[in-house]
Amino acid sequence: MINRFNATLMLESLRGKRMMFVGDSLNRGQYVSMVCLLHRLIPEDKKSMETYNNDALTVFRVKDYNATIEFYWAPFLLESNSDNAVVHRISDRIVRKGSMNKHGRHWKGVDILVFNTYLWWVTGQDMKILKGSFKDVEKEIMQMSTEDAYRMAMKSLLRWVTRNLDRERTRVFFTSMSPTHSKGDWGGEASENCYNQTTPIADSNYWGSDSRKSIMKVIGEEFSKSEFPITFLNITQLSSYRKDAHTSIYKKQWNPLTTEQLANPASYADCIHWCLPGLQDTWNELLFAKLFHPDLI
């Protein structure tokens, strides 16, 4: 049993501090969840939300506490051709090797950092890794397996954290892979996905095929070598049960739906992101517990 989320205690702990979530849209969801869990305690004229750097950075300010809760868009953590926070739907994804400083300069001085990166690496193909600069006329690009590319990114992250953060000041967390329910491998029909699912998966041993254990192995191997203490938020198994918790068809549609899609709602159901309030509030309960009661879980 973990301690329930205490918004008052959380706000007090953030007094005079910065908390930042770094990663992709799933980490943005956890960021929004945290803001929602706290903002009801804050008078309207004592809080604000602003974006910077072409929407790459979102900052929620709590004026009376001199505190900020922030989200920084970096889906690979390393520099990539998907770094535009608005226009990033690029199928031919390229990640620049050894480029953590490009984004990392925005993370310095933060008191609580929560990283995530996973789904953008899982393309079904080898990852394209750029050696050199995106500005080079002739680009040297090599291909690596997902696991090798991910290991490269974790090594870069751990090296950056060790060199640039003060372990006496900054707490660092890393959130594990967020599962999807895009196919019914929980025992449903092969064509089934999260659409119209209303109950969790009851099998306690369930592990979806979308959550690569090979990636979890990479994280375990690399983090065990870290000189800087990093707290691992393992949300994968508990989230795997929640096939009923996705945004499904209830989300903003960036492009008009076709007649064919409207006739088949399952075809456009979002089985990646999660409803709020919902599962990601539980992720923040786990984060809260790790912050204040690390020895209890």
Side-chain angles (χ1 to χ4, degrees), residues 18-35 49-60 68-123 127-135 144 146 149-165 170-178 215 218-219 222-223 226 228 230-233 235 272-273 280 283 287:
R18 295 173 64 195
M19 181 181 199
M20 181 184 284
F21 294 80
V22 178
D24 59 23
S25 58
L26 290 157
N27 223 22
R28 182 192 284 123
Q30 187 173 358
Y31 159 74
V32 173
S33 165
M34 178 63 75
V35 170
M49 179 88 81
E50 297 174 285
T51 58
Y52 305 89
N53 299 345
N54 297 317
D55 290 340
L57 177 65
T58 305
V59 180
F60 178 73
T68 62
I69 306 169
E70 308 172 31
F71 170 75
Y72 184 89
W73 171 264
F76 292 101
L77 303 184
L78 291 159
E79 181 182 1
S80 76
N81 63 346
S82 302
D83 286 344
N84 188 306
V86 179
V87 184
H88 51 251
R89 296 187 175 191
I90 299 171
S91 57
D92 189 25
R93 298 169 181 172
I94 303 173
V95 179
R96 182 183 168 211
K97 184 178 181 181
S99 58
M100 198 66 69
N101 284 332
K102 194 259 188 177
H103 297 308
R105 59 194 174 92
H106 297 283
W107 313 336
K108 293 181 180 180
V110 174
D111 300 278
I112 302 171
L113 273 166
V114 185
F115 292 104
N116 94 308
T117 185
Y118 170 61
L119 278 179
W120 283 71
W121 297 91
V122 188
T123 63
M127 288 298 304
K128 292 184 176 180
I129 306 299
L130 172 68
K131 298 174 69 176
S133 170
F134 280 106
K135 295 179 181 179
M144 300 175 69
T146 298
Y150 196 87
R151 188 182 298 276
M152 174 202 70
M154 294 301 99
K155 286 178 179 291
S156 293
L157 173 64
L158 296 175
R159 187 163 51 246
W160 185 91
V161 164
T162 301
R163 292 176 178 175
N164 293 279
L165 299 181
T170 303
R171 292 283 304 275
V172 177
F173 297 83
F174 188 90
T175 304
S176 67
M177 63 187 77
S178 175
I215 295 294
V218 168
I219 295 171
E222 295 305 322
F223 280 38
S226 177
F228 194 102
I230 297 181
T231 303
F232 186 55
L233 293 180
I235 55 89
I272 293 175
H273 300 98
Q280 291 184 302
W283 298 3
L287 173 59

What are the two closest heavy atoms between R96 and S133, and how far apart are they? NE-CA, 4.1 Å
Taking the side chain as every heavy atom from C-beta outward, state whether V59 and Y52 have any atom pair closer than 4.5 Å. yes
side-chain contact (heavy atoms from CB on, under 4.5 Å) with V87: which residues, sequence neighbours excluded? N84
Restricting to ring pair (Phe, Tyr, Trp, His ring centres under 6.0 Å), what partner residues turn up for F174, sequence neighbours left out? F223
Contacts of A153 that satisfy side-chain contact (heavy atoms from CB on, under 4.5 Å) - sequence neighbours left out: L78, W121
Could you pull out the closest heavy-atom pair between F71 and N27, with the gap in Å? CE1-C, 3.9 Å
R171 versus T231, closest heavy-atom pair with distance: NH2-OG1, 3.9 Å
Which distance, rounded to the nearest 0.5 Å, do you find between the OG of S80 and the NE2 of H88? 10.0 Å
With sequence neighbours left out, what residues match H273 under ring pair (Phe, Tyr, Trp, His ring centres under 6.0 Å)? none
Partners passing side-chain contact (heavy atoms from CB on, under 4.5 Å) against S176 (at least two apart in sequence or in another chain): M216, F232, N234, I235, T236
Rounded to the nearest 0.5 Å, what separation is found between the CG atom of N116 and the CZ atom of R28? 11.0 Å
Euclidean distance, S99 OG relative to L130 CG, rounded to 0.5 Å: 8.0 Å
Residues which pass ring pair (Phe, Tyr, Trp, His ring centres under 6.0 Å) with F228, listed by chain and number, not counting sequence neighbours: none
Side-chain heavy atoms of M100 within contact of N164, under 4.5 Å: no
Where the side chain of R93 meets the backbone of K128, is there a donor-acceptor pair that is under 3.5 Å apart? no
Just by modelled atom types, is the Y72 backbone N or O under 3.5 Å from a matching donor or acceptor in the Y31 side chain? no
With rounding to the nearest 0.5 angstrom, report the CD1 to OG1 distance, I69 to T58. 12.5 Å
Any side-chain heavy atom of L57 within less than 4.5 Å of one from H106? no
Heavy-atom side-chain contact between V122 and M177 under 4.5 Å: no
Residue pairs passing the salt bridge (Lys or Arg N to Asp or Glu O under 4.0 Å) test with at least one member in residues 97-110, sequence neighbours excluded, are D83-K102
All heavy atoms of S25 vs all of W73, minimum pair found to be N-CZ3, 3.5 Å
Test side-chain contact (heavy atoms from CB on, under 4.5 Å) applied to R163 - qualifying residues, sequence neighbours left out: R159
Counterpart residues, salt bridge (Lys or Arg N to Asp or Glu O under 4.0 Å), relative to R18 (two or more places apart): E70
Can you tell if the side chain of V22 reaches within under 4.5 Å of the side chain of V110, non-hydrogen atoms only? no
Under the rule for salt bridge (Lys or Arg N to Asp or Glu O under 4.0 Å), what residues qualify as partners of D24, not counting sequence neighbours? none
In Å, rounded to the nearest 0.5 Å, how long is the span from CD1 of I94 to CE of M127? 9.0 Å
side-chain hydrogen bond (donor to acceptor under 3.5 Å, both in side chains) with S33: which residues, sequence neighbours excluded? D281, N284
Would L157 and E222 satisfy side-chain contact (heavy atoms from CB on, under 4.5 Å), going step by step from the backbone distance to the final call? CA-CA 10 Å; L157 173 64; E222 295 305 322; over 6 Å; no
L287 vs M19 side-chain heavy atoms within contact, under 4.5 Å: yes
Checking side-chain contact (heavy atoms from CB on, under 4.5 Å) for the pair L233/Q30: CA distance, chi angles, key distance, verdict? CA-CA 12 Å; L233 293 180; Q30 187 173 358; 4.3 Å; yes
List the atom of S226, the atom of I230, and the distance in Å for their closest heavy-atom pair. OG-CD1, 4.2 Å
Only counting residues at least two apart or in another chain, list the ones meeting side-chain hydrogen bond (donor to acceptor under 3.5 Å, both in side chains) with N81. none
List the atom of N54, the atom of A85, and the distance in Å for their closest heavy-atom pair. O-CB, 4.0 Å
So how far is it from L77 CG to T117 OG1, rounded to the nearest 0.5 Å? 4.5 Å
